[in-house]
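Scroll down for the structure; my scribbles are underneath it.
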Amino acid sequence: MQTIALDDYNIYVGEIWEALQAFLDDCTYSQYFILVDENTKAHCLPLIHKYSSLKEATIIEIQSGEIHKNIHTCSFIWKALMEAKADRKALVINLGGGVIGDMGGFCASTYKRGIDFIQIPTTLLSDVDSSIGGKLGIDFAEVKNSVGVFNNPQAVFIDPIFLKTLPVRELRSGLAEIIKHGLIADATLWEKLKSIENLETVDWTSLLVPSLEIKKKVVEEDPFEYNIRKALNFGHTVGHAIESWALNSPDPLLHGEAIAAGMICETYLSTKILDLPNESAEEVSAYILKIYGKYLLQNEYFEDYLRLMKNDKKNENGQLNFTMLSNIGEAVINQSCESPLVKESLNYYIEL
Ligand SMILES: NC(=O)c1ccc[n+]([C@@H]2O[C@H](COP(=O)([O-])OP(=O)(O)OC[C@H]3O[C@@H](n4cnc5c(N)ncnc54)[C@H](O)[C@@H]3O)[C@@H](O)[C@H]2O)c1
Ligand SMILES: [Zn+2]
C-alpha cells in the first residue's frame, strides 16, 4: 500500500484494509453510515464487512445512476441520517463511484452544517478523478454538478480489489482520465499505458499512483480552478459536446468514451495551434482508437457539436477555451481557436 499525503488528508492506495482499520481505531465517531447503491451493496459492501470493523454501521442505500444524483436523493439521505439521530460527530462512508462520492460528500458537508466523511471509491473513474480534488455536488435543473460545495474528506481509501467486479466498459471509461493525466503531465505514465494489452489483467496500483500524483499536484496548486487546474479539462471541450449529443441518441456514451474521442480531436488542434509534432498526434490517435474503437461522428451534426461546445461553462468571453498539448506530457491552458478548425479536428477523427 502507498500513501499520498495532501495538505489536509491522506489517500491510501493498494491494499487498504490496515490503513482503514487504523483510521477507524483512531476515531471517536458517534455513529457510522455507509452510503451504497445496489451494485456497491452487492459487490463492495461484503468486502468492507469482511475486512473491517464496520459491521454494525448503518447502511443507506440509494439507486445507482447519474439520474439519481439529484436533490430528491439528497433529501432521502438527509432524512435517513436524521431518522437515525446522526449528530455532528457521525461519519459518512461513501462506498461507490463518482455519483456516491459527489452526492454523499455533499450531503455530509451540508448535514448539520457539515459532518465528516471518507471516500472509498469503487470505480476506476472515482479512483483517479472524483475522489480527489474536493468537488462535491449534484445535478440540478438539468445542469450537471450545478449545486455543490468544495470540501475535503478525512481520508480516501483506494483499493483496486473493487475493480474486479466493475463492468469492463466502465473500466475502459475510467482509463480515459488516466490517459489524460499522462498526456498533460507525465510522459512516463503515457509510456506505461501504451504497454496495456488486456484491461482485465492490469496492475492498477502502478497506474493509480502516478495518476493521482498528477491530480494532487494540480488541485493543490489551484484548488478552485482559476488557472492550472484547467489542464484537467484536456479532451473535455470537444468530449463533453460529444457526450451531451450522444445522451439523446440511441447510442449513449460513457463519459470516458466521449473524452477519449475528444482527446483525439484536441490533440489534432494542438498540432495546429501549439506545434505538437504530427507523429505525437498519430501516436495518441492510434492508441486511443486501439482501446476505444471509433465512435460514429457525423458531419451533418457538426453545428450541433459546436453549439454544445459554445454553451460549455468552461468558456470565457464567448471564445472556446481549450487545454492543448505542446508535447506529450506537457499541457498549455487557455488556448482558443475558431470554429472551422474545430470542425477540421472532427473531420480528422472521422478520417482516421
Ligand atoms: N468530483 C469530481 O471532481 C468529479 C470528477 C469526475 C467525475 N465526477 C462525477 O462522477 C460521476 C461518475 O462516476 P462513475 O463513473 O464512477 O459512475 P457511477 O458512480 O455511476 O458508477 C458507475 C456504475 O458502476 C457501478 N459500480 C460502482 N462500483 C462498482 C463495482 N466495484 N462493481 C460493480 N459495479 C460497480 C455503479 O453502481 C454504477 O452503476 C459523475 O456524476 C461525475 O459528475 C466528479
Ligand atoms: Zn472527465
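In listed order, ligands and their atoms are each counted from 1.
The backbone N or O of Trp78 sits nowhere less than 3.5 Å from a side-chain atom of Glu83 that would complete a donor-acceptor pair. In this structure, the side chain of Ser336 does not engage the main chain of Gln319 through any donor-acceptor pair within 3.5 Å. Formation of a donor-acceptor pair under 3.5 Å by the Ser244 side chain with backbone atoms of His240 is found in this model.
In summary, the side chains of Asn278 and Glu282 do not present any donor paired with an acceptor at a separation below 3.5 Å, with no hydrogens or angles considered.
Between Phe157 and Trp17, a ring centre-to-centre spacing not shorter than 6.0 Å is recorded.
Contacts of Glu283 classified as salt bridge (Lys or Arg N to Asp or Glu O under 4.0 Å), with partners at least two apart in sequence or in another chain: Lys194. Applying the salt bridge (Lys or Arg N to Asp or Glu O under 4.0 Å) rule to Asp159 yields no partners; only residues at least two apart in sequence or on another chain are considered.
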Check against side chain to side chain donor-acceptor pair (under 3.5 Å), Lys135 and Asn151: CA-CA 7 Å; Lys135 287 187 182 178; Asn151 194 21; over 6 Å; no
Test side chain to side chain donor-acceptor pair (under 3.5 Å) applied to Asn233 and Thr323, step by step: CA-CA 6 Å; Asn233 292 333; Thr323 293; 5.4 Å; no
Do any nitrogen or oxygen atoms of ligand 1 lie under 3.5 Å from a protein nitrogen or oxygen, and which ones?
from, atom 1, to, atom 2, distance (Å)
ligand 1, 1 (N), Asp102, OD1, 3.0
ligand 1, 1 (N), Lys135, O, 2.9
ligand 1, 13 (O), Gly98, N, 3.1
ligand 1, 16 (O), Gly98, N, 2.8
ligand 1, 16 (O), Thr123, OG1, 2.6
ligand 1, 19 (O), Gly98, N, 3.1
ligand 1, 19 (O), Val99, N, 3.1
ligand 1, 28 (N), Thr122, O, 3.4
ligand 1, 28 (N), Thr122, OG1, 2.7
ligand 1, 31 (N), Thr122, O, 3.1
ligand 1, 31 (N), Phe162, O, 2.9
ligand 1, 31 (N), Thr165, OG1, 3.4
ligand 1, 32 (N), Thr165, O, 3.4
ligand 1, 32 (N), Thr165, OG1, 2.7
ligand 1, 37 (O), Asp37, OD1, 3.1
ligand 1, 37 (O), Asp37, OD2, 2.7
ligand 1, 37 (O), Asn39, ND2, 2.8
ligand 1, 39 (O), Asn39, ND2, 3.2
ligand 1, 41 (O), Glu66, OE1, 2.5
ligand 1, 41 (O), Glu66, OE2, 3.3
ligand 1, 41 (O), Lys69, NZ, 2.8
ligand 1, 43 (O), Lys69, NZ, 3.1
ligand 1, 43 (O), Lys144, NZ, 3.2
ligand 1, 43 (O), Asn145, ND2, 3.2

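Around the Zn ion (ligand 2), the protein atoms of type N, O or S found under 2.8 Å away are Glu177 OE2, His236 NE2, His255 NE2, listed by chain and number.
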